[in-house]
Amino acid sequence: MRAFLRSAGVIVVLCAVAGVAAANDYFPQSVASGDPTATSVVLWTRAVTPDGGIPTRVDLSVATDAAMTDVVATRAIDVDAQYDGVVKVKVDDLMPYSDYYYQFSYGGNSSPIGRTRTAPTPDMDVDVRFAVVYCQDYVGRYYNAYLKMLLDHDEDIDFIVHLGDYIYETTGDPQFQDPSDERKIEFEDTEGAIPLGSGDDMYYAAASLSNYRDIYRTYRSDEVLQQVHERWPMVVIWDDHEYSDDNWGATATYFDGRTDEYDVERKQNAERAFYEWVPIDVGLDQDGELDITAADLYPNAMIYRDLIYGSNLHLVLTDLRNFRPDHLIREDAFPGVVAVDEQTLAGIIGEGWPAVRESFDPYVDMDVLGGGLPIFQQTLNLIAANLYMMENPELDFFEAVRLGEEAMSGNVSTTFINLAFAEAGLIPPFPPETQAGLPRGISYLLMGKQAVYSDLGSRYFVVKDTFDLYAVVGYLASGGDSQEVYGSQQNAWLQGTLLLSPATWKVLGHSFMMTPMVIDFTNPLIAALLPPEFPDFLRTTMVINAEDFNGLPHKRMELLGSSTTSGLLEFVDNAVVISGDIHATFVTDHQNGIYEITPPAISSATSGDIVIRTAASDPILGQIPGIEQILENFALLLQISSMGPAVSPSDILYANTFSHGYGIFDVSSDAFDILIQQISSDEIGTSYYDDPEALNDLFTPLMFEIRDGLLSPVVQ
Ligand SMILES: [Fe+2]
């Protein structure tokens with residue numbers, strides 16, 4: 001009974017805020033709208049019968065008033081049962097920049113009334129206000145940020161941009177999710193899901209269509225998220241978690257190279273559920289009704305698109321997941337293998353090579369050396385095979401031997417050989433005096449790869465100097481393809497769209513950041529904070545996140561330019577980049593009038609909390625005294641590093657790695673105003689759904705403006 005009273009209270013409060021009816025048994029996830037143009041908008045609902053069936057037909061009414069008296073369009077829509085009751089329909093012949101109200105019904109039962117707004121035509125000089133959100137993990141977390149947006153902005157937001165991670169595919173990844181009784185994901189089809197973790201930490205990742213649908217259904221049971229969709233059109237792109245953590249194309253990365261995780265069927269299941277549940281203008285037939293075909297699915301899926309919203313805003317939204325190449329350092333790269341040899345390295349560095357040569361890794365060519373020293377070669381092969389088996393108990397013995405032999409052929413780092421021999425209780429075969437005459441190169445070890453199968457040294461925590469050199473080798477050898485995050489077709493579209501846009505402001509939407517996620521532990525201001533026990537191998541410049549544009553340094557340079565080359569965005573007047581993914585707030589000056597704004601995540605574990613959690617559970621980092629206090633200053637470490645010589649030209653002007661919230665952007669013919677609303681991550685497990693006003697004291701606004709190419713803080 002208490003529970004009933006409480007949830008009844010929630011509905012009353014929310015209705016008072018929203019002024020519309022809540023979802024009901026016939027339309028349990030309410031309604032939604034998205035992808036507005038000057039003449040059309042996509043409308044959404046899900047219709048079911050109380051006994052769990054699906055009606056065959058629903059009727060749609062569109063009106064210009066909230067009372068639904070001035071009806072301008074009606075439509076009967078056949079419900080295709082294969083889409084689980086979802087109805088998605090594109091309605092056109094609408095007036096530009098107008099509010100419309102819409103309602104679905106069948107058999108005398110009506111959905112809540114939704115409100116939406118079409119875009120202004122390209123010649124309309126109107127002031128536009130839009131919200132930017134991303135990363136809305138449901139597990140153990142509440143949408144207080146959306147609730148604050150509902151309280152503050154009922155009438156005045158034109159639309160919302162969602163930069164991805166609309167859902168998370170896992171039921172409780174211990175790295176960042178904390179399921180609670182009230183906020184958890186349960187799969188009906190556990191057989192069809194991927195089991196991950198072990199023992200008490202066992203959890204699942206979605207793989208079947210049923211799994212992905214369960215997630216969307218659960219997320220959209222949230223009353224606050226329903227209110228958001230009832231109120232404003234949303235324009236959504238995906239990041240990784242709509243499919244799988246840190247994916248590239250159809251390849252997942254849960255097992256860090258231990259198994260082949262390329263799975264087109266799973267990818268397509270994820271995309272089907274996305275098109276079903278998200279009011280995106282994809283997966284519709286000529287009549288504008290739901291019809292998902294092979295043309296919409298991987299590898300053909302095209303969700304990158306642009307939205308012209310009056311004369312002042314051109315929103316250009318990208319897909320950074322389906323066409324991206326693999327991470328430059330593969331998760332299964334063997335630490336001792338030399339990735340760049342002396343000849344190549346000397347060629348890139350040029351006449352400066354002799355001066356820096358000593359700082360690189362000495363190596364031997366085992367194809368030459370091994371033949372003369374068969375016992376040494378065999379010992380080394382065995383050590384390598386052992387490493388493979390230790391890190392992948394599933395591996396067949398003979399396969400481990402084969403992999404070990406393969407890794408220990410060609411150029412192998414003597415630093416690695418010495419470490420591996422010492423670890424095995426053997427005398428390191430290359431004392432310092434023998435190393436002077438050896439060639440020098442870059443091993444994976446020298447880029448921070450400590451294990452055979454690992455995300456550390458691959459997607460995260462990579463040594464910047466050596467990684468950047470390694471990256472350029474692949475970039476040149478592949479003609480840029482190794483870092484072509486957009487794929488060639490999207491890249492051509494993006495260049496044309498940005499360069500030819502007549503709009504005042506060109507807003508480039510990325511699901512992940514270009515802002516430097518780099519900590520320079522050699523920066524004197526940072527080095528002074530480190531305890532004596534801080535390991536030497538970390539006393540360098542580390543790329544904290546190589547999963548985003550920081551792991552694609554030359555693509556990043558193609559966009560932003562450098563001291564010697566011009567970047568695409570330098571040729572685009574009034575370019576503003578908006579990005580998601582990182583669960584933190586960043587305001588970044590990329591120089592030459594290019595700014596990047598990353599608002600905080602709606603609800604997903606903040607990057608500050610994630611690095612502290614990761615460090616605490618890491619066998620090496622966890623041993624460093626005071627590591628938690630150091631990482632409490634994560635934002636400051638990133639900011640100081642960005643201002644120093646290690647990272648140029650970008651400067652982080654503001655960073656907060658412990659907040660949730662959203663961004664509100666006001667765009668006019670002469671200014672781009674930024675409001676970021678932030679709430680402490682301590683509040684995320686608490687529901688304010690029955691006391692929304694309490695949020696007013698918990699949120700802190702942060703304001704900036706861009707005028708005449710300059711971004712400056714606005715002090716209230
Ligand atoms: Fe996320």
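In listed order, ligands and their atoms are each counted from 1. Numbers here are sequence positions counted from 1.
The aromatic ring centres of Tyr142 and Tyr689 sit less than 6.0 Å apart. In this structure, the ring of His241 has its center less than 6.0 angstrom from the ring center of Phe176. For an aromatic pair to be called close, the ring centres must be under 6.0 Å apart, and Tyr243 with Trp238 fails this.
Put simply, Ser604 stays out of reach of the Fe ion (ligand 1), with no N, O or S atom under 2.8 Å from it. At a cut-off of 2.8 Å, Asp240 does not coordinate the Fe ion (ligand 1) through any N, O or S atom.
Phe159 pairs in a ring-ring contact (aromatic ring centres under 6.0 Å, His included) with only one of the listed residues (Phe665, Tyr309, Trp232), which is Tyr309.
Taking the Fe ion (ligand 1) as the apex, the angle formed with SG of Cys135 and OD2 of Asp165 is 90°, to the nearest 10 degrees.
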